[in-house]
Every structure is written in structure tokens, then in C-alpha cells.
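Let me begin by presenting the structure, written as C-alpha cells, before commenting on it.
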Amino acid sequence: MPTPHATSGPINTGNRFLGIELNSGVAGRHMLTFYFACLCSIMLASFIPQSQPFILTEFLAIPESRHGLVSGMLNFWAEIVIILSVAIFGPLSDRFGRKPVTTLGFALMAVGTYLYPRAENLDYLLAYRLLYSVGIAAVTAMVVTIVADYASDKSRGKATGLLGVMNGVGAMIAVFVLLKLPALFQQQGLTAQEAGYKTYDLVAVIILLTSVVMLVGLKPHQKTDNGPHQSLLSSARNGLLAARDPGVALAYGASFLARGNLMIVGTFFTLWITNYGTSVLQLGRAEALAQAGTIVGVAQGCALLGAPLFGLMSDKMNRVHALMIALTVSAIGYSSTYFIHNPFSGGMLVCAIFIGLGEIGCIITSGVLIAQQTPARIRGAAIGFFTMCGAVGILAASVVGGYLYDLWRPSAPFVLFGGVAFIVLVWAMFVQGRVKPLSVTDNLDGGLETASV
């Protein structure tokens with residue numbers, strides 16, 4: 001049975017964008033800029049981890065036997081930085097606005113991408129990855145926050161579904177265009193390193209231009225009188241206190257899973273297929289990377305097609321139930337990789353379909369749930385904490401997944417998070433009756449800290 005969702009943000013004024021009801025002060029050009037940010041953020045966030053095997057092999061000459069451990073190490077420290085950064089960027093966006101934080105995020109990503117192939121050793125590579133990760137933290141936190149700011153509550157499922165579509169398009173551009181650039185440039189006569197430099201330089205320019213678009217096109221910040229001025233520490237604490245609401249707490253747990261899923265696809269899917277192609281099928285590194293991009297593209301294509309479905313589902317039914325459906329699909333898809341030994345087989349394509357649907361379903365339904373359960377006054381802080389939980393999920397996937405990849409089998413990171421999906425599903429089943437939309441949760445806003453520290 002459909003569940004009514006009360007608006008917890010600015011009042012809707014009848015303004016619409018592609019059928020999405022917009023909140024007061026939001027224009028179509030702001031939404032267009034936002035969706036461009038969604039496309040570029042996932043495209044660029046996918047590129048660095050998925051192209052990493054090329055850097056490790058062609059630039060740093062690291063043997064394949066260490067790729068899993070090295071990739072896990074890089075992701076570990078990157079996520080530590082993201083965890084620390086989102087705790088700051090969320091409250092900063094509440095105080096100064098989403099536009100400057102988003103613009104800064106893309107600019108930092110551009111610098112990190114330009115420097116990445118110029119790393120002389122793993123220490124430099126790690127430093128450049130950390131710089132890039134600060135930018136990722138800013139952009140990721142803002143994407144979820146902006147969709148909650150711009151769309152009315154009853155249209156947030158549709159708005160988030162379109163966000164998922166743009167993410168899917170961006171991911172497909174990454175795997176079908178960006179990841180194929182090194183092979184394309186090598187076919188034109190460039191060496192592997194020359195092709196790498198040219199590819200990363202081109203991507204850095206794209207990111208920098210995206211930063212300029214954000215500065216021009218996003219909605220300016222409007223200061224509001226929210227009572228006593230809060231310190232950043234007090235604002236950040238509100239994100240933790242919001243978890244007293246069972247719906248917010250569940251959304252935090254789902255974010256842990258959803259972002260871990262995304263990292264596993266972005267890092268270990270490509271690594272598994274690429275290394276199998278070179279070691280078993282005797283393909284060249286660039287050719288294997290291109291083949292891996294094609295298979296990953298199947299997962300991302302399913303994510304693209306499934307995004308509107310999960311978005312509409314989130315508007316038409318109880319949002320916890322929508323999350324439960326996504327969790328079920330995710331548990332099936334990721335766990336099924338246990339039975340895959342040849343990642344170029346037809347069975348892998350079936351798993352890729354479920355993985356893509358589960359990945360996007362968890363991202364969309366958890367994002368809609370957290371937007372429903374948080375008031376606009378502390379939304380940046382709460383969604384910053386939501387993003388931080390996702391970063392912890394990526395951290396767990398990176399460290400544990402990296403070790404299991406090397407010590408057990410390439411499918412181990414996927415099997416691990418298939419189990420996590422099942423755990424969060426059981427959690428959702430237990431709390432579903434206690435999750436109420438914000439309008440009937442009368443103690444959330446009043447119980448948050450307002451004093452400066």
C-alpha cells in the first residue's frame with residue numbers, strides 16, 4: 001500500500017523539471033546543472049579505480065600478485081581521508097551552501113587526476129589519490145544533499161531515479177570511452193606510458209571544466225535564520241544524533257552497503273577480469289582492460305535501466321520496503337559470484353545483471369530514505385554522516401576485500417558484501433514498523449543539539 005510522504009523541506013511552488021516537482025527557489029537550470037554533476041561525478045569516480053591496474057603495471061611495474069593488496073591499501077587510506085572530509089563538508093555546506101563545496105570538490109579531483117600517472121612510486125601515488133579523494137568526498141556528499149534540497153519529498157524517488165540514470169550513463173562513458181582511451185592511443189603509435197599521460201590529462205581537463213559549470217549553474221546559497229550559530233563540531237554531531245530515528249539509522253547502514261558495493265564493482269570487478277585476461281587468456285594489458293570495461297558495462301547498463309524503476313518504486317510504496325527489495329537483489333547478485341571461476345563466461349553476465357541492479361537499487365532507495373527522515377536544517381550534517389557511513393563501507397570492502405582477493409579468490413569481495421546485504425535486509429525487516437516519515441517523528445528535530453561548543 002502506498003505510504004504518504006510529508007514534505008520536510010522548502011514548500012513546493014509548482015515549478016517542475018522533467019515531471020519532478022521542485023522546491024521553492026529551484027529553477028530548471030539548477031536541476032540541469034545538478035544532473036550534469038551526477039553524470040560527471042560517477043564517470044570520474046569510476047575512472048580512477050578502474051584504470052588503476054594500467055597504472056600499477058605500465059607505470060610502476062607492480063606484479064599482478066600484489067595488485068589486490070596494493071589496490072586495497074590505496075582504497076583504505078583514500079577512504080580514511082573521505083571519512084574525515086565528509087564530516088567537515090556536510091556542515092560546511094549547511095553554513096556556506098552546496099555550490100562552493102561542489103565546485104571545490106571537482107577542482108581537487110582535477111588536480112589529483114592530472115598528477116596520478118606522474119607518481120614516481122607508491123608513496124606519490126597514494127598522496128595523489130588522497131588529494132583526489134578529498135574532492136570525491138565533497139562531491140559525493142553534495143550530490144545526495146542537493147537532490148534532497150531541490151526536489152519535493154513526494155518527487156524525490158523520481159528525482160533520485162533520474163540521478164541513478166545519470167550515474168549509469170556516466171559509468172558507461174567511463175567503461176566504454178575513458179577506459180578504452182589507452183588502447184586507442186597505443187593503436188595510434190604511442191607507447192603505453194604516453195597513452196596513459198594523454199588519457200589522464202584529458203580526463204583532468206574534463207573535470208576542471210565540470211568545476212566551472214558547477215560554479216556557474218548551481219543554485220546560490222540562501223542564508224536562513226536557524227537560531228544560535230553552531231560550531232562545525234556541533235553541526236557534525238547532529239548527524240550522529242539523527243540516528244536516534246530508526247529510519248535514519250537504517251539509511252546509514254544501507255549506505256555502508258551501497259557504497260561498498262560500488263567500490264567492489266569499480267575496483268575488484270575490473271581487476272579480476274583484467275588479470276584473468278592477461279594471465280589465462282594471454283591478452284595485452286590495454287586489451288584486457290578494454291574487455292573488462294565491456295563486462296562491467298553490462299552491470300552499469302542494468303544499473304542505468306533499473307534506476308528509474310527503483311526511483312518510481314520509492315515514490316509509490318513504503319520506502320523501507322523499496323530498500324528491502326534492493327537489498328534482496330544485491331544479496332543474490334553479489335553472493336552468486338562464488339560459483340564463477342571464469343569471469344568471461346555467461347554466468348558472469350548473469351551475475352553482472354543482478355550486481356548492477358542491486359548496486360543502483362541500494363544507492364537510490366537508501367538516498368531517498370535518508371532524505372525523507374532528515375529536516376532541512378541539519379540535512380547537510382546528516383547526509384554528511386550518511387556519506388561517511390558509505391566511506392566506512394568502502395573502507396571495509398577495500399581492506400577486507402583486498403586481502404580476501406589475494407588470499408582466497410577473486411570473487412571473495414563480492415561474496416563478502418553479498419553477506420552484508422543479507423544482514424542489512426534482516427535489520428530492515430526488524431525495524432520496518434518503527435520507521436515513520438519525518439512529519440510524524442515529533443522528537444527528531446527538537447532533540448538535536450543547537451548550542452555551539
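Atom set for the values below is all heavy atoms of this structure, side chains included, hydrogens, waters and symmetry mates excluded. Sequential numbering from 1 along the given sequence is applied to the chain's residues. If you're wondering where the values come from, they're calculated on a predicted model, not measured in any experiment.
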List in chain and number order the residues that pass side-chain contact (heavy atoms from CB on, under 4.5 Å) with [X], two or more places apart in sequence or in another chain; answer none if no residue qualifies.
| X | result |
| --- | --- |
| R434 | P246, V431 |
| V298 | L349, A352, I353 |
| P182 | F54, T199 |

Output the distance between atom [atom1] ([X]) and atom [atom2] ([Y]), rounded to the nearest 0.5 Å.
| X | Y | atom1 | atom2 | result |
| --- | --- | --- | --- | --- |
| S255 | F385 | OG | CZ | 10.5 Å |
| I173 | L39 | CD1 | CG | 4.5 Å |
| T387 | Y252 | OG1 | OH | 9.5 Å |

**OP:** For the residue pair Y150 and F34, categorise the inter-ring angle as parallel (less than 30°), tilted (30 to 60°) or perpendicular (more than 60°).
**Re:**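 The arrangement is perpendicular - the two ring planes meet at more than 60°.
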Subject >> Residue W77 excluded, over 12 heavy atoms near CH2 under 6.0 Å >> reply: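 Open: at most 12 neighbouring heavy atoms sit under 6.0 Å from CH2 of W77.
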Hey, is the main chain of [Y] close enough, under 3.5 Å, to the side chain of [X] for a donor-acceptor pair?
| X | Y | result |
| --- | --- | --- |
| Y334 | E359 | no |
| S152 | L22 | no |
| S330 | A326 | no |
| N23 | D149 | yes |

Side chains of [X] and [Y]: is there a donor and an acceptor less than 3.5 Å apart?
| X | Y | result |
| --- | --- | --- |
| R129 | Q52 | yes |
| Y200 | S51 | yes |
| R319 | S314 | no |

Subject >> Ring-face cation of R409 near F414 (centre distance under 6.0 Å, axis angle within 45°) >> reply: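 Not satisfied by the 6.0 Å and 45° rule.
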**OP:** Could you go through the side chain to side chain contact (heavy atoms under 4.5 Å, CB included) check for L357 and L309 one step at a time?
**Re:** CA-CA 10 Å; L357 291 173; L309 173 64; over 6 Å; no
Subject >> Option among L162, V147, T160 that satisfies the side-chain contact (heavy atoms from CB on, under 4.5 Å) test with I20 >> reply: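 Going through the options one by one, the only one that passes is L162.
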